[in-house]
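Counting starts at 1 for both ligands and their atoms, in listed order. Counting begins at 1 with the first residue of the sequence. Every value quoted in this text rests on a predicted model; they were computed, and no experiment measured them.
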Amino acid sequence: MSSPVRHYVGGRFDASGVPFPLIDPVFGRPAGELPAAPRELVDRAVRAARDALRGPWASWSPAERSRMLHRIADGIEQRFEEFVAAECADTGKPRDLASTIDIPRAIANFRSYADLTAGRSEQSWHTTTPDGRGALNYTVHKPLGVVAVISPWNLPLLLLTWKVAPALAMGNTVVAKPSELTPGTACLLAEVMAEAELPAGVFNLVHGGGADAAGQWLTEHPGIDAIAFTGESRTGGTIMRAAAARLAPVSFELGGKNAALVFADADLEQAVAGTLRSAFTHSGQVCLCTERVYVERPVFDAFAQGLAAGAKELSGYGPMISAAHRDKVLRYIDRAAADGDVLAGGGVPRFSDGRDGGFWVEPTVLTGLPEDHPAVREEIFGPVVHVAPFDTEEEALGLVNASPYGLAATVWTGDVSRAHRVAPALDVGIAWVNTWNLRDLRTPFGGVKASGIGREGGDHSLDFFSEPMNVCVKL
Ligand code: NAD
Ligand code: 6OD
């Protein structure tokens, strides 16, 4: 972290709170401090957001809000390199990831919702009445009010703006709480909001932890009208209980144990290259990453060898976010090594420089584990993938769908009929065929089972962040 971490409440920056150490994951050394917001500051942020709902923001038209979102996108673009540097400093991810995915996607999030909200039309119906004069029904979409946006550490700016942009697009006000591990880009975003002259209190930012801290205080706050959360499934459960107390709506993007299916008719080279990307992008710390691969038996050996060879050659990857997360990932690997086979990786890379103090794990390919093994069943969220053979399409579907999670899956096949048969039969929110993480921001995004509640993306987000109201006018 280069500049100090600050809250942004009611249009003012504020650094009050108990210091919480920030650690650089690349070297494992101190990288600054985050002021953990006291409860009083969280209250103040919610109050500022409520006041702003009654201010000039309330009368902004969709076109005015759209122009503001574009101004925010322009502001991120103008400070692109600062955002990239902050993203890399916080997460340790390689520059090419931050500069080609995270920051461009944050800009695209604002532009996409700016365009969608400006072009949105309301529905209307003409109703017949006994007197023959009829009635006109039309729908207006009102903001929900004050929305809490709580986001994780893996794609900090991408995932924060993915919710903040549609929330603002629909006229809500926001109190955002990014992960306590990765506050940097959110601070820059608050500066951009201020520079864009977004009215004070419309966007507020508080830093701090989750349980017994800013996160929990926000979710339990009577002044919060809705909660948009991305993070672990268990945290989602805790937040849902807090929201249930006052029936606040929630939108949840949660954990996953994503699978890939490789059929014998697939282009094997493409399947191996695609799975290397889907398993090891950001060292497996993307919710969409593949952690299980099921391969049709005739090509199992060739695929597994190709994947292991590719994993051994990977370089330029980043570390785990924290020592605790590295230790968790290594525990899964150690247990898997005792119960099955390690085809690649399985340890900590040695650099013979300062990075040896960081939180690194080698890209790891496992095989030979039973389906109920923790490394096959539980989300690891690291650079670890298990490969297993299957014999029939039916068996393959059963293996994928037996997971308690249901976020995403990929099907590798050269048979177009199979693609259309298998993909919709998967119990997931997002299925890719012969690709991975190809995103169109208008499409529904989210998971089933323990992977989430609701859908985000395009109109799905605009619908979540608004309340449709019907007006019936007797003619
Ligand atoms: P996490 O659940 O520990 O934390 C996420 C956020 O919630 C953080 O800001 C944290 O401070 C806050 N939080 C934690 N406990 C809280 C509580 N009791 N009340 C309120 N807020 C609380 O998740 P993480 O470790 O930051 O992120 C990794 C997880 O996120 C993985 O499980 C991953 O799969 C998931 N994830 C899912 C998606 C998706 O789109 N489905 C995207 C990214 C990450
Ligand atoms: O691409 C997206 O919109 C999105 N929400 C990605 C989530 C990735 C999880 O780590």
Side-chain angles (χ1 to χ4, degrees), residues 20 34 36-37 42 91 93 101-102 104-106 108-109 112-113 148-163 165-166 176-183 186 205-221 224 227-243 250-258 278 281-282 284-289 291 320-322 324-325 328 378-382 405-408 428-430 436-458 460-461:
F20 172 92
L34 166 143
V42 172
T91 61
K93 70 180 56 162
I101 297 181
D102 297 87
R105 249 306 292 278
N109 287 342
S112 160
Y113 286 109
V149 174
I150 300 181
S151 51
W153 47 260
N154 63 326
L155 309 172
L157 188 69
L158 188 161
L159 292 171
L160 186 77
T161 54
W162 177 237
K163 296 180 194 309
K177 195 211 79 67
S179 167
E180 59 275 32
L181 303 179
T182 53
L205 173 67
V206 292
H207 296 285
D212 293 322
Q216 183 180 330
W217 300 332
L218 268 180
T219 60
E220 292 174 350
H221 204 292
I224 293 291
I227 301 168
F229 167 75
T230 302
E232 275 194 30
S233 302
R234 213 178 21 217
T235 313
T238 306
I239 292 177
M240 200 164 178
R241 281 188 287 278
V250 296
S251 177
F252 283 170
E253 292 186 6
L254 307 175
K257 188 71 184 175
N258 309 307
S278 73
T281 292
H282 192 19
Q285 300 171 111
V286 177
C287 62
L288 303 164
C289 277
E291 295 195 5
M320 301 295 93
I321 189 67
S322 64
H325 189 51
K328 173 185 147 183
E378 297 169 14
E379 180 184 52
I380 300 176
F381 215 57
Y405 293 103
L407 184 55
V428 294
I430 306 145
W436 174 75
N437 203 10
L438 180 59
R439 296 278 292 112
D440 180 322
L441 304 192
R442 298 166 299 182
T443 60
F445 184 97
V448 301
K449 300 191 271 186
S451 289
I453 294 182
R455 290 293 176 272
E456 299 186 346
H460 301 275
S461 291

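- Atom 4 (O) of ligand 1 is not flagged as protein-proximal [any protein heavy atom, distance under 4.0 Å].
- Scanning the protein heavy atoms around atom 40 (O) of ligand 1, the nearest turns out to be E253 OE1, 2.9 Å.
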Checklist entry - Should I430 and N258 be marked as a side chain to side chain contact (heavy atoms under 4.5 Å, CB included) after you check the CA-CA gap, both sets of side-chain angles, and the distance that decides it? => result CA-CA 10 Å; I430 306 145; N258 309 307; over 6 Å; no
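- Residues forming a salt bridge (Lys or Arg N to Asp or Glu O under 4.0 Å) with R439 (at least two apart in sequence, or on another chain): none.
- Taking both residues in full, the closest heavy atoms of H460 and T443 are given as CD2-C, 4.5 Å, listed atom of the first, atom of the second, then distance.
- Residues of the protein with a heavy atom under 4.0 Å from ligand 2 are R105, N154, L155, L159, W162, E253, V286, C287, R439, F445, listed by chain and number.
- The closest heavy-atom contact to atom 19 (N) of ligand 1, among the options R241, E456, Q216, comes from Q216.
- Considering only non-hydrogen atoms, atom 15 (N) of ligand 1 lies nearest to T235 out of T235, L158, N258.
- Residue, atom and distance of the protein heavy atom nearest to atom 11 (O) of ligand 1 are E180 OE1, 2.7 Å.
- In terms of protein heavy atoms, atom 35 (C) of ligand 1 is closest to G231 O, 3.3 Å.
- Within 6.0 Å of CG in D440 there are more than 12 heavy atoms belonging to other residues, nucleotides or ligands.
- Here S151 has backbone heavy atoms under 4.0 Å from ligand 1, and that is the only part of it that gets that close.
- Of all protein heavy atoms, the one lying nearest to atom 32 (O) of ligand 1 is E379 OE1, 2.6 Å.
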Checklist entry - Between C289 and F381, does a side chain to side chain contact (heavy atoms under 4.5 Å, CB included) hold up when you go through it step by step? => result CA-CA 8 Å; C289 277; F381 215 57; over 6 Å; no
